There are 2 protein chains.
Amino acid sequence: MAAKGGGSPDLPVVGQPPAERADAARSRRILLAAAREMMAECGVRALTMDGLAARAGVGVGTVYRRFTDRGGLALALLDSEEQRFQSDFIFGPPPLGPGAPPLERVRAFLCAYLDRLEVEADLHAFAEAQNRESRFRAGVYRTHRAHLAGLLTQADVGMDPAYLADVLLGVVSGELFLHHNRERRLSPAQLKANVGQVVDRLTSPCR
Amino acid sequence: MAAKGGGSPDLPVVGQPPAERADAARSRRILLAAAREMMAECGVRALTMDGLAARAGVGVGTVYRRFTDRGGLALALLDSEEQRFQSDFIFGPPPLGPGAPPLERVRAFLCAYLDRLEVEADLHAFAEAQNRESRFRAGVYRTHRAHLAGLLTQADVGMDPAYLADVLLGVVSGELFLHHNRERRLSPAQLKANVGQVVDRLTSPCR
DNA sequence: GAGTGAAGCGGAATTCTCTCCGCTTCAACG
DNA sequence: CGTTGAAGCGGAGAGAATTCCGCTTCACTC
């Protein structure tokens with residue numbers, strides 16, 4: 001897979017996929033903009049691949065080439081926020097980033113996740129729904145799980161850290177958030193409190 | 001589902017939806033049988049509404065009239081097992097049924113759920129996927145949650161019982177089960193152990 | 001047993017997703 | 001610049017989900 005070496009300009013970076021061609025980048029930009037407009041107007045439900053193609057003035061084939069499928073489109077729409085989020089919890093200041101005690105960081109991670117959901121829950125739920133099969137294998141999920149599992153390992157909670165990470169990520173799924181938010185009328189603050197308690201309990205080897 | 005019952009024949013039972021007409025019951029039977037055959041042959045993925053109609057020799061309209069949509073079909077396929085399960089945890093012998101201490105029953109409930117998943121995980125995952133929006137509102141989910149929330153209330157765990165119930169039900173989702181089973185190679189026994197630990201921890205107000 | 005209204009039924013039509021494939025455009029190289 | 005192969009593009013078309021609606025059948029009443 002890897003490309004050539006790297007020192008002089010123009011050479012692709014080792015280990016990185018070759019950059020998008022100019023025309024491809026252009027249609028990605030157009031498509032993402034159109035997608036956001038459609039969402040703003042009619043919500044995620046109205047976001048169809050056909051409709052997007054029509055709206056953006058490109059062929060369906062192009063939409064699929066850019067995003068692979070509906071799930072890919074959802075992930076692409078979340079991508080810029082995700083980038084920020086990842087760099088925050090990997091490089092950013094504590095308690096989200098390194099420096100704070102591990103469990104502190106776990107709590108901060110989940111709270112930050114809930115903050116994202118407050119804004120993007122629909123899109124998250126949409127992405128989860130569309131990536132049903134591949135969800136747990138997708139890069140984003142694996143990154144989050146690896147991060148949490150690492151912290152839980154450091155904290156030495158007496159239990160399979162990867163399993164716990166899965167459980168915690170389930171607790172902040174977009175679907176569940178919408179349910180709690182809409183049907184059960186739990187406020188963001190209540191949700192954070194609940195999630196905090198769940199973390200506390202799950203990470204204390206009581207009995 | 002319940003028949004007419006009661007003393008005099010023909011009178012509809014109060015509060016029950018009127019029984020299915022004979023022809024409707026017949027096509028339900030035919031469709032469910034055909035659906036099970038299709039699943040047995042090619043797995044859930046092959047279970048399409050169109051294909052089912054063709055296989056059962058009825059029109060698509062009939063399939064939709066019987067099951068509303070794909071999600072409804074999935075639930076219908078799980079129904080007989082679900083009936084058994086519900087009567088087990090409501091009326092059956094302890095520790096699943098009444099008689100055992102509440103937390104014992106919670107553990108038993110989740111283990112029994114995992115036992116079902118061992119057999120029907122695909123179908124559960126399929127049902128979850130198809131009922132995405134309505135999942136938490138659906139009768140089955142509400143029944144399970146009410147049951148768990150009731151037990152958690154009795155056990156007086158110091159935390160919103162309904163919220164905990166949602167978390168616990170998330171832990172036994174079909175999707176997650178498949179992931180743990182297939183990708184992470186966790187055996188049923190390991191899963192039960194993990195779930196057991198999760199229950200223990202979530203229900204002990206440690207700190 | 002004829003009448004009747006609700007429940008069922010079929011299947012064409014609509015709307016999507018996703019695939020396929022021939023044609024076009026980049027951009028790296030000489 | 002001209003060449004060239006990979007990458008991109010468009011859109012027809014296959015396969016599905018779901019809706020619609022006119023026709024049929026059931027089950028109950030008189």
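Just so you know, these numbers use all the heavy atoms, side chains as well, and skip hydrogens, waters and symmetry mates. Below, chain A is the first sequence line, B the second, and so on; all start at residue 1. A quick note: this is a predicted structure, and the numbers were derived from the prediction, not measured.
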Measure the distance from [atom1] on [X] to [atom2] on [N] and round it to the nearest whole Å.
{"X": "Leu52(A)", "N": "dG11(D)", "atom1": "CG", "atom2": "P", "value": "15 Å"}
{"X": "Arg26(B)", "N": "dA27(D)", "atom1": "CZ", "atom2": "C1'", "value": "17 Å"}
{"X": "Asp50(B)", "N": "dG11(C)", "atom1": "CG", "atom2": "P", "value": "12 Å"}
{"X": "Leu73(A)", "N": "dC18(C)", "atom1": "CG", "atom2": "C1'", "value": "14 Å"}
{"X": "Phe67(A)", "N": "dC9(D)", "atom1": "CZ", "atom2": "P", "value": "10 Å"}
{"X": "Arg70(A)", "N": "dC18(C)", "atom1": "CZ", "atom2": "P", "value": "7 Å"}

Checklist outcome for this item: 5'-most contact on DNA chain C (nearest-nucleotide basis), Arg65(A) vs Ala24(B), goes to Ala24(B)
Verify the contact: side-chain N or O of [X] to OP1 or OP2 of [N], cut-off strictly under 4.0 Å; return yes or no.
{"X": "Arg66(A)", "N": "dG8(D)", "answer": "yes"}
{"X": "Thr62(A)", "N": "dG8(D)", "answer": "no"}
{"X": "Ser27(B)", "N": "dC9(C)", "answer": "yes"}

Checklist outcome for this item: Ranking Asp23(B) and Tyr64(B) by the position along DNA chain D of their nearest nucleotide, the one closer to 5' is Tyr64(B)
Next on the checklist: Please compare Met49(B) and Ala22(B) by the position of their nearest nucleotide in DNA chain D and report the one closer to 5'.
Outcome noted: Met49(B)
Between [X] and [Y] (salt bridge meaning N to carboxylate O under 4.0 Å), is one present in this structure?
{"X": "Asp122(B)", "Y": "Arg45(B)", "answer": "no"}
{"X": "Arg116(A)", "Y": "Glu82(A)", "answer": "yes"}
{"X": "Glu37(A)", "Y": "Arg55(A)", "answer": "yes"}

Item to check | Inter-residue atom distance Leu114(A).CG - Phe109(A).CZ, 0.5 Å rounding | outcome: 10.5 Å
